[in-house]
Amino acid sequence: MNIFRILGDVSHLLAMIILLVKIWRSKSCAGISGKSQVLFAIVFTSRYLDLFTNFFSIYNTVMKFVFLMCAYITVYLIYGKFRKTFDNENDSFRLEFLLIPVTGLSFLENQSFTPLEILWTFSIYLESVAILPQLFMISKTGEAETITTHYLFFLGLYHALYLANWIWRYQTENYYDQIAVVSGVVQTIFYCDFFYLYVTKVLKGKKLSLP
Amino acid sequence: EQGINPKDEL
């Protein structure tokens, strides 16, 4: 466990809390892609199946529970409680374009051909593309509420910090996991365009609106 | 070296 890991997990948790608070306080999920949140719930479900079999630390187990809870509560708020405010026609990314390649790849490229390992690999590949429906929705509506951009910033920061964590672990433990690193780099690249807009617009107090 | 991932990350 290193500082990048801890900051990364905190940043991830912060992103989920920002999103929950935004939806709960505004009683609306306008501008939020329900599909991305469903994908995140699938990511955590397929990744944390070892929740009851592998025990690493209290921190690890508690964080997995919290992440699962946040993901499912968010999905419930979007498709349940505040479904009337759900912007369905703009959340139009075709999930099968993500799920099929990711499923295929997790059967082809994995560390061992066992159900748990394939599901874990599936969750890693899926997480790297899970944000695409949200980014697609923002590009379609041409703008995003500032609170949504903060959510995306901390989500992107979490993965950038995880990259730093993997570099650190490679330097200190001479260990790395190619599948996690490659998909992590892909995921962080998707945020670069957003990071640029976030720094040049949102941090200057402007609203994030795409040209 | 690429060891078996202990899956200790979130």
Side-chain angles (χ1 to χ4, degrees), chain A residues 1-2 4-6 8-13 16 43-44 47-51 53-57 59-68 70-71 110-112 114 116-117 119-121 123-124 127 158-159 161-163 165-166 168-170 173-184, chain B:
Chain A
M1 174 66 92
N2 57 64
F4 300 111
R5 238 322 286 286
I6 295 176
D9 292 341
V10 166
S11 179
H12 195 179
L13 183 61
M16 287 191 256
V43 164
F44 293 140
R47 184 178 303 175
Y48 298 156
L49 294 172
D50 63 349
L51 186 59
T53 54
N54 287 6
F55 177 79
F56 293 101
S57 66
Y59 169 82
N60 193 275
T61 304
V62 166
M63 285 297 264
K64 283 177 177 177
F65 261 117
V66 168
F67 282 11
L68 278 165
C70 286
N110 53 54
Q111 244 166 10
S112 67
T114 60
L116 262 182
E117 189 62 36
L119 280 166
W120 179 83
T121 310
S123 81
I124 292 290
E127 186 187 10
Y158 134 66
H159 235 277
L161 285 167
Y162 254 61
L163 293 185
N165 155 56
W166 289 323
W168 177 273
R169 286 189 75 169
Y170 183 64
E173 303 161 30
N174 193 23
Y175 157 82
Y176 74 99
D177 176 349
Q178 196 167 7
I179 288 176
V181 171
V182 170
S183 65
Chain B
E1 83 282 1
Q2 184 177 356
I4 292 291
N5 186 330
K7 311 278 188 302
D8 60 336
E9 294 179 344
L10 292 176

> What are the two closest heavy atoms between B:K7 and A:E117, and how far apart are they?
Replying inline: NZ-OE1, 3.2 Å
> Between B:E9 and A:R47, is the closest basic N to carboxylate O distance under 4.0 Å?
Replying inline: no
> Mind checking what makes ring pair (Phe, Tyr, Trp, His ring centres under 6.0 Å) contact with A:F67, not counting sequence neighbours?
Replying inline: A:H12, A:F44
>> So, taking the atom named CG in A:L13 and the one named CG in B:L10, what distance separates them when rounded to the nearest 0.5 Å?
In response: 10.0 Å
>> Given 3.5 Å as the limit, does a donor-acceptor pair link the side chain of B:D8 with the main chain of A:F56, or not?
In response: no
